[in-house]
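In this text the structure is predicted, and so the values were computed from the model without any measurement. Residue numbers run from 1 in the order of the sequence given. FYI, side chains are in, hydrogens and waters are out, and symmetry mates aren't considered; it's all heavy atoms of this structure.
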Amino acid sequence: VDLRVAEARKIIMRSVDTKISQQDVPSALQAVRVALKLASNILDHPEEEKYRQFKSSNPAISKKLLRVPGGQDLIRAMCFKTGVVQFEEYWIADVSSFGIRVLAEARDGLLHYEATLAKELERRDMERRARLAGESEERRQILQQIEGDKADRQDRKWR
């Protein structure tokens, strides 16, 4: 059974590595956070039925995770399977001891990816702010030069 858990972890990490993390950083971070939330909810509340399944049509999960390349592969690797309940398609988690162990491994790996992606997003945001601050300083200097030129022209008029 440990070999199956290790194999599931490998598939989870591969789907994040090769597909999800190749998207733009905000989309990848959203997908990882949604998958992390799904795993954490089940692990934190294993007896709660409402956390064990979600509708395929759920707008937030669908947009942020299922439609992202690799999102469905990730969910499947996390031991979710599709099923029909009252004529609606659902993703249903395997909450056997194996499924719970896979979700725990997924949560550990996803926490690492979340931290990495969040740092990258913060780094890019700081670079953007620094670039904007530099542009603002450059703009201020140009405006100051324009005012100086205007003053010089005024001085020449009065002579």
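- Hydrophobic cluster membership is shared by Leu74 and Val95, with clusters built from Ile, Leu, Val, Met, Phe, Trp and Tyr side chains linked at under 4.5 angstrom.
- Sorted by first then second residue, the ring-ring contact (aromatic ring centres under 6.0 Å, His included) pairs that include residues 118-143, not counting sequence neighbours, number zero.
- Between Ala31 and Ile20, the closest heavy-atom pair is CB-CG2, 4.0 Å.
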Under 3.5 Å, which donor-acceptor pairs link side chains of residues 47-55 to any protein atom two or more places apart or in another chain?
{"residue": "Arg52", "atom": "NE", "partner": "Pro46", "partner atom": "O", "Å": "3.1"}
{"residue": "Arg52", "atom": "NH2", "partner": "Pro46", "partner atom": "O", "Å": "2.6"}
{"residue": "Lys55", "atom": "NZ", "partner": "Glu88", "partner atom": "OE2", "Å": "3.3"}

Steps toward side chain to side chain contact (heavy atoms under 4.5 Å, CB included) verdict (Asp94, Ile100): CA-CA 7 Å; Asp94 172 6; Ile100 295 295; over 6 Å; no

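- Counting heavy atoms from C-beta on, the side chains of Ile75 and Ile61 never come closer than 4.5 Å.
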Could you walk me through whether Lys10 and Glu7 pass the salt bridge (Lys or Arg N to Asp or Glu O under 4.0 Å) check? CA-CA 5 Å; Lys10 203 182 312 179; Glu7 187 62 31; 3.5 Å; yes

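- Leu43 and Leu38 fall within a single hydrophobic cluster, where Ile, Leu, Val, Met, Phe, Trp and Tyr are joined by side-chain heavy atoms under 4.5 Å apart, directly or via other members.
- At a threshold of 4.5 Å between non-hydrogen side-chain atoms, the residues Lys81 and Trp91 do not count as touching.
- Rounding to the nearest 0.5 Å places CG of Asp44 at 8.0 Å from NZ of Lys37.
- Going from atom CE of Met13 over to atom OG of Ser21 covers 10.5 Å, rounded to the nearest 0.5 Å.
- Listed here is the closest heavy atom pair of Ile11 and Ala77: CG2-CB, 3.5 Å.
- A salt bridge links Glu120 and Arg124; the closest N-O separation between the charged side-chain nitrogens and carboxylate oxygens is under 4.0 Å.
- Using a 4.5 Å heavy-atom threshold, the side chains of Lys119 and Arg123 count as separate.
- Ala93 and Ile42 make their closest contact through CB-CD1, 3.5 Å (heavy atoms, listed as atom of the first residue, atom of the second, distance).
- Side-chain contacts under 4.5 Å among hydrophobic residues (ILVMFWY), followed directly or transitively, place Ile92 together with Val85, Tyr90.
- Closest heavy-atom contact between Ser62 and Ser56: CB-O, 3.8 Å.
- Under the side chain to side chain contact (heavy atoms under 4.5 Å, CB included) criterion, Lys150 pairs with Ile146, Glu147, Arg153, sequence neighbours left out.
- Shown here for Met78 and Ala106, the closest heavy-atom pair between the two residues is CG-CB, 3.9 Å.
- Here the CZ atom belonging to Arg131 is positioned 13.0 Å from the CE atom belonging to Met126, to the nearest 0.5 angstrom.
- Counting heavy atoms from C-beta outward, Leu110 and Arg107 have side chains that stay 4.5 Å or more apart.
- In this structure Gln30 satisfies the side chain to side chain contact (heavy atoms under 4.5 Å, CB included) test together with Lys64, sequence neighbours excluded.
- The hydrophobic cluster around Val84 extends to none of the other residues, as no ILVMFWY side-chain heavy atom falls under 4.5 Å of it.
- Of all heavy-atom pairs spanning Ser15 and Asp73, the tightest one is CB-CB, 4.1 Å.
- Side-chain contact check for Glu105 versus Ile12: every heavy-atom pair is 4.5 Å or farther apart.
- In this structure, Arg140 places its CZ atom where more than 12 heavy-atom neighbours from other residues, nucleotides or ligands lie under 6.0 Å away.
- Using a 4.5 Å heavy-atom threshold, the side chains of Asp108 and Arg9 count as touching.
- Both Leu36 and Leu121 are part of a single hydrophobic cluster, where members link through side-chain heavy atoms under 4.5 Å apart.
- Ser27 places no side-chain N or O within 3.5 Å of a backbone atom of Gln23 that could act as its donor or acceptor partner.
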